[in-house]
Amino acid sequence: MTYRLSKLNCVLFSSDGVREHPLSPFFKRDIHDIYHLMRPINYPLPLLFAVLCYAAITLLVYQQDMLFAIQDFSVWQNGTDFLRSCISRPYGLLQWSACLLTQFFYYPWLGVAVLMCVWGISGYITHRALRLPQSSAWLIPLPVFCLLIPFTQMGYWLYIVKLSAFWYLPTLLWLWWSVMLWLAFRIEGKTLKCGACLLWLCVITPWNGLLVHPFDSIDAFMYIPHKLLIVVLALQLVAKYVARYYSGHRRLDTMIASLSIPILGFALVWSVMLNYRNPSFHSELRMERMAERGDWQAIIGETERSARKPTLNMILLRDLSLLHTGRLDDDRGLSCDGVRPDMLHGPKVYLCYTGGPMIYYLAGYVCDAYRWTLENAVEYGYTPQRLRILLLCAMQNHEWDLARKYVRLLRQTFFHRDFADSLSPLIGHPERFSSVPILHAVGKIKQKETRLMPAVVFMEPLIFNDNHSPLKKHRQCHFEGKQLTY
């Protein structure tokens, strides 16, 4: 006769259902331990944790500079105007929340921690809602790889993404989808169902804009991972349906695996093997932040430590840093032989859209820097990075009302108020510019006459060959044996 263990009252039942004698307290404790050890291991949650750890390490080790740049090129303001503008678009509340969470990448470790928490909560709720069988439970952490691809493949797309919620919106859509699944499968009662419908109405706003896809402003190549995410979520629902109505059919399990394994392989290769780790791209991001601080020695050192041939952006930033430190000569700088970066599947990289406005500003072409920054801000958003350049240009042109406007906009952000507060006392007092290195250095070489350079995307020949360029003036004085003074 065989016996089975009852979990609830710890008594033995024979195979014919006859109850035997209760177990002793000591043996009862041992049987409980054996019972928990013999339960099948619920591996989706440990696997999800391992995938999240891998994603966090990948982002913090290889993409830390890019994470900071993500929040620097995304728009979020704490006023009601920005909230109204978000709610007037599809997925309005989610877009506003996505822009808010993106700001935490100002500290990359904090942004990654928040991102991993949202991914972990979404995966856990999906697991609790669907309760997939062991043969299909490995589909639970698969969305993480799909959501990791935009972070590891961004590169120079960073400068021309119009949707500030691009990085967090798919994550919040996954969280919203998992909550709706949990309400649908695990909650009973009309009241909670009505609450779920109200939640759906709050998220999908407005009704008249549902036909407008929020990612229409981005190249089709960049939201392929989001389509993969939709396929994975659909496969999870199919696996749930198969487990409920066709339990034990191995052919269906094999079919689900045959569909999901190629997606897993594609996501792994795209997010791991093709991780965009161009060191020049990260050097450019760091050098632009150094230029805003007026740290010329750090810019020069960053270029010298470059493992690859410097890009045009790095060459120009190095030459202008040497110019501001008085160390520019014919052996160092005065050349336009930098590499023009490009991506395997990416946009054409033009300097006027990447580091061009800052280079124009450092070269003394304040009007050109303001023109290109304003055009990029109108097209791609008034991001904190563009607002800082606009503020610097307004200060150099003594346009105090514009400067106060940009100070007000920067103060509506989370982490860029210090920059606005540091320049606010200087408004209307140009004699105090000497206390700020980037204002003092550019003020000495600023172009006296108000004119604009030709509006071309290849701006580096203009800077090297323009008669008013400080680089060309320095080169002529060097060849003639004269000392250039400002």
(message) Parallel, tilted or perpendicular: which one describes the rings of W109 and Y107, with boundaries at 30° and 60°?
(response) tilted

(message) I'd like to know if R289 pairs up with D295 as an ion pair, taking the criterion as any Lys NZ or Arg NE/NH1/NH2 lying under 4.0 Å from an Asp or Glu carboxylate oxygen.
(response) no

(request) Indicate whether the side chain of Q396 and that of Y370 have a donor and an acceptor atom separated by less than 3.5 Å. (result) no

(message) Other residues, nucleotides and ligands only: do more than 12 of their heavy atoms fall within 6.0 Å of CH2 on W76?
(response) yes

(message) How close do G355 and E288 get, counting heavy atoms only, and between which atoms?
(response) CA-OE2, 3.4 Å

(request) Show your working on side-chain contact (heavy atoms from CB on, under 4.5 Å) between L94 and Y168 and close with a plain yes or no. (result) CA-CA 9 Å; L94 284 184; Y168 250 108; over 6 Å; no

(message) Students often mix this up, so state it plainly: with edges at 30° and 60°, are the rings of F104 and F414 parallel, tilted or perpendicular?
(response) tilted

(message) For Y62 and H282, I'd like to know if the aromatic rings sit close, meaning centre-to-centre distance below 6.0 Å.
(response) no

(request) For L390 and L374, work out which heavy atoms get closest and say how close. (result) CD2-N, 4.0 Å

(request) Grab the two heavy atoms, one from I445 and one from L362, that are nearest each other, plus how far apart they are. (result) CD1-O, 3.1 Å

(message) Test your reading of the model: is there a side-chain donor-acceptor pair from N397 to the backbone of E399, 3.5 Å cut-off?
(response) no

(request) First locate atom CH2 of W176, then atom CG of L169, and finally report the distance between them rounded to the nearest 0.5 Å. (result) 11.0 Å

(message) Would you compute the distance between atom NE2 of H127 and atom CD1 of I125 and round it to the nearest 0.5 angstrom?
(response) 12.5 Å

(message) Determine whether a donor-acceptor pair (N or O, by modelled atom type, separation under 3.5 Å) exists between the side chain of S306 and the backbone of E302.
(response) no

(message) For G381, is there any backbone N or O sitting under 3.5 Å from a side-chain donor or acceptor partner on K162?
(response) no

(message) Is the distance from the ring center of Y382 to that of Y406 below 6.0 Å?
(response) no

(request) Compute the ring centroids of F105 and F68, then answer whether they are less than 6.0 Å apart. (result) no

(request) Would you please classify the geometry between the Y156 ring and the Y159 ring as parallel, tilted or perpendicular, with 30° and 60° separating the classes? (result) parallel

(request) Evaluate whether atom CZ of F82 has more than 12 neighbouring non-hydrogen atoms of other residues, nucleotides or ligands under 6.0 angstrom away. (result) yes

(request) Could you please spell out the steps behind the side-chain hydrogen bond (donor to acceptor under 3.5 Å, both in side chains) verdict for T152 and Q63? (result) CA-CA 7 Å; T152 59; Q63 303 293 340; over 6 Å; no

(message) Checking side-chain polar atoms at under 3.5 Å, does T413 have a donor or acceptor matched by the opposite partner on Q103?
(response) no

(message) With a 3.5 Å distance limit and no angle check, can you tell me whether S164 reaches the backbone of V75 through a side-chain donor-acceptor pair?
(response) yes

(request) Working to the nearest 0.5 Å, report the span between CG of L115 and CG of L110. (result) 11.0 Å

(request) Please answer whether the main-chain N or O of R432 pairs with a side-chain N or O of H440 as donor and acceptor at a distance below 3.5 Å. (result) no

(message) Does any part of the side chain of M287, heavy atoms only, come nearer than 4.5 Å to the side chain of N313, both counted from C-beta?
(response) no

(message) Working to the nearest 0.5 angstrom, can you tell me the gap between I359 CD1 and D319 CG?
(response) 9.5 Å

(message) Quick check: closest heavy atoms across A165 and Q95, and the distance to 0.1 Å?
(response) CB-O, 3.8 Å

(request) Could you please spell out the steps behind the side-chain contact (heavy atoms from CB on, under 4.5 Å) verdict for W119 and L48? (result) CA-CA 9 Å; W119 285 354; L48 176 64; over 6 Å; no

(message) If you define the side chain from C-beta out and look only at heavy atoms, does anything of V232 sit under 4.5 Å from C146?
(response) yes

(message) Can a side-chain donor-acceptor contact be found between H416 and Q385 if the only test is distance below 3.5 angstrom?
(response) no

(request) Measure across A291 and I438 and return the closest heavy-atom pair with its distance rounded to 0.1 Å. (result) O-CD1, 3.1 Å

